[in-house]
Amino acid sequence: MQRLGLRGGVRFSAMDSKMAVFSRALRQMAAVVCVIVLLSLYLMIFHNTAGPLTHEAPTPQKQRLAAPSPPPSPGPCTCPSGSYTLKDHIPKDQYEELVKRRAKELQNHKNRTTSVLSKLLFAPSNSPLQYPIQGFTVRPLTSTLIPGLALHAGRRSSYKVSLKVSKGVLTTETETEGVKVQGDGGSRLTVESSSLPILNNLLAKVSYNSIVYHIHTGDLVSFQFENHEAVFPVSIRRPQLPVLYDMGTDISSQVTVVTKTFLRYAQLKVLLSSIRRFYSNIEVIIADDSFEPEHVTGEHVRQYFMPPAQGWFAGRNLAVSQVTTKYFLWVDDDFEFTEKTKIEQLVEVMEAVPELDVVGGAVGGNRFHFSLLYEEGEETDGGCLYRKSKGKFHSLPGYPQCSLTDGVVNFFLARTDAVRSVGFDPKLQRVAHSEFFMDGLGSLLVASCGHVSIGHQPKTGHDKNASRYSHFRHPAKSESEFKLQLHFFKNNLKCVRYG
């Protein structure tokens, strides 16, 4: 047993020795693998770490990966159920010629309102080029430094960049030692140097100067290095003088009450009397196109006479053209001021949210407002418009009783200069209200508030002009047809729905 044990012990010692050798081999292999892994990580980190002098530009293969495609042009829009199809209201013998004139006028409109700044641009990925992406504005025919131009690339024997424009010229400093400049004073400028700091120093002194006078347009600058190209916009604009209104110290220096009257002097007198109960000194402007005009007397009242029956919007244009205050309050001639007609509260909203252009109230408890859902559609076909009653977006920040919307009732406070810029189409003589907000879509920011209201005078039945007025208040079918034809051409619409 002892001998067997001895032999067994010898056998176990030999096995231990072999296991030790095998273990050392495994540790050595593990060490080699760790070194390889660490070297690989080091190389990866070193290669991908960006720095002003060590960053390598992407390979041409990576740079030439396909850029995202621009969004497709809008297709035909879908007319909501119940829409008026406007072409059906155009006389067939006039349709073709009318469409040609509309297309020409639409192109002129686009030429006036769009520029190269509307072009969709994509930022290149991992580009070594630095440039301004927004906010670079120049005055026409005025040399202006381009801010932020620079190149960040790895070490090279030579660095060469170029810039190209279409509506201006590019200039930089006179050539210095170690740099080569070509095209100075032209539409394409090339700068080359063996020193990156010298090249960037010269890029910081590149100026853009437009060569065509225009008060509001733009240009695109192409900036290139090797296989990299970036395009950035230049806005060319004349600066505008601010037009400010002195708000004074009281409501009469801030707001003018404006109305239009036609054959309703009894109602007009009730309105004026109610205004004076609450605002003794506020200015009131009346546009009057009655057949037998009556002079309305009183302090702080201005009455402007028009040729008879010129219509609703023509009268609005005349009245608003005479306002000298920052705001005007539009009221119908059969409204009546009450204790809830607090003009100051509407002014407070407008002053607190200066982006607003129109704030409507309620009439006799009715807070009528609407949204305008518009799809542009194809140019040749026209757009689709849905006027959605009671449509709104969300409450006005800080004023939960007010909501943002697109159109309001005939009782509203408006920013005078904003409304003048849209105007009221005098072709619409009889029933017209939504059309002003249609023309102002995208220009006017509108809100509706329920905490300020005005009364509506009850119908008495004793007005001698009631039947005559009703004849004009409810127009013939031909006038409704004319309004649809006007939308077809003027607003380039295919269909309209009133809901």
Side-chain angles (χ1 to χ4, degrees), residues 43-68 70 116-117 119-138 141-212 218-236:
L43 290 172
M44 289 173 64
I45 295 169
F46 178 81
H47 179 74
N48 289 298
T49 301
L53 294 177
T54 61
H55 176 65
E56 287 292 327
T59 62
Q61 288 80 4
K62 289 183 180 179
Q63 183 63 22
R64 288 173 184 167
L65 288 174
V116 294
L117 300 186
K119 183 178 179 180
L120 189 63
L121 301 177
F122 295 98
S125 60
N126 204 18
S127 174
L129 299 169
Q130 177 182 301
Y131 51 92
I133 61 171
Q134 179 178 296
F136 179 40
T137 302
V138 303
L141 309 180
T142 303
S143 182
T144 307
L145 281 173
I146 303 177
L149 285 183
L151 175 66
H152 301 283
R155 291 185 179 88
R156 285 163 172 74
S157 59
S158 180
Y159 303 88
K160 182 179 180 180
V161 297
S162 65
L163 297 109
K164 184 173 65 175
V165 296
S166 60
K167 294 184 179 178
V169 294
L170 300 162
T171 56
T172 188
E173 226 180 39
T174 308
E175 289 187 38
T176 58
E177 186 177 350
V179 67
K180 181 180 179 182
V181 176
Q182 290 180 319
D184 190 29
S187 61
R188 185 181 182 93
L189 178 68
T190 302
V191 181
E192 185 175 5
S193 177
S194 59
S195 168
L196 188 58
I198 291 177
L199 180 114
N200 281 332
N201 182 58
L202 212 58
L203 285 177
K205 297 170 184 174
V206 173
S207 294
Y208 175 92
N209 192 351
S210 70
I211 56 175
V212 177
D219 199 353
L220 295 177
V221 182
S222 171
F223 187 21
Q224 292 180 306
F225 168 70
E226 294 179 351
N227 294 302
H228 302 273
E229 179 181 11
V231 178
F232 61 89
V234 180
S235 178
I236 305 170

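Basis for what follows: all heavy atoms, side chains included, without hydrogens, waters or symmetry-related copies. Model, not experiment: these values are computed from the prediction.
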Mind checking whether [X] and [Y] have side chains closer than 4.5 Å, heavy atoms only?
| X | Y | value |
| --- | --- | --- |
| Phe232 | Ile133 | no |
| Pro128 | His228 | yes |
| Phe225 | Leu199 | no |
| Tyr208 | Lys167 | yes |
| Leu129 | Leu151 | yes |
| Ile236 | Val212 | no |
| Ile198 | Tyr159 | no |

Look up atom CD in Glu173 and atom CG in Asn201, then write down how far apart they are to the nearest 0.5 Å.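 Here the rounded value is 6.5 Å.
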Spacing of Asn200 atom CG and Ser195 atom OG [to the nearest 0.5 Å]: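 So the gap between those two atoms works out to 8.5 Å.
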Partners meeting side-chain contact (heavy atoms from CB on, under 4.5 Å) with Ser162 (sequence neighbours left out):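 Arg188, Thr190, Gln224.
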Compare every heavy atom of [Y] with every heavy atom of [X], then report the nearest pair and how far apart it is.
| X | Y | result |
| --- | --- | --- |
| Asn209 | Thr142 | OD1-N, 3.0 Å |
| Pro132 | Leu149 | CD-CD2, 4.4 Å |
| Gly154 | Arg156 | O-NH1, 3.1 Å |
| Ile211 | Leu141 | C-CD2, 3.7 Å |
| Leu145 | Ser207 | CD2-OG, 3.3 Å |
| Leu117 | Pro233 | CD2-CB, 3.6 Å |

Using atom types as modelled and distance alone, determine if a side-chain donor or acceptor of Thr171 lies under 3.5 Å from a backbone N or O of Asp184.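 The answer is no, because no donor-acceptor pair under 3.5 Å joins these two groups.
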With a 3.5 Å distance limit and no angle check, can you tell me whether Ser222 reaches the backbone of Lys164 through a side-chain donor-acceptor pair?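 Not confirmed, Ser222 side chain does not pair with Lys164 backbone.
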Does a sphere of radius 6.0 Å around CG in Leu121 hold more than 12 heavy atoms from other residues, nucleotides or ligands, not counting ones at 6.0 Å or beyond?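 Yes, the 6.0 Å shell around CG holds more than 12 heavy atoms from other groups.
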CA sep, side-chain torsions, deciding dist, call: Asp219, Ser166, side-chain hydrogen bond (donor to acceptor under 3.5 Å, both in side chains): CA-CA 7 Å; Asp219 199 353; Ser166 60; 2.9 Å; yes
Phe223 and Leu203: CA distance, side-chain angles, deciding distance, side-chain contact (heavy atoms from CB on, under 4.5 Å) verdict: CA-CA 11 Å; Phe223 187 21; Leu203 285 177; 4.2 Å; yes
Assess whether side-chain contact (heavy atoms from CB on, under 4.5 Å) is satisfied between Ile146 and Val234, documenting all intermediate values. CA-CA 9 Å; Ile146 303 177; Val234 180; over 6 Å; no
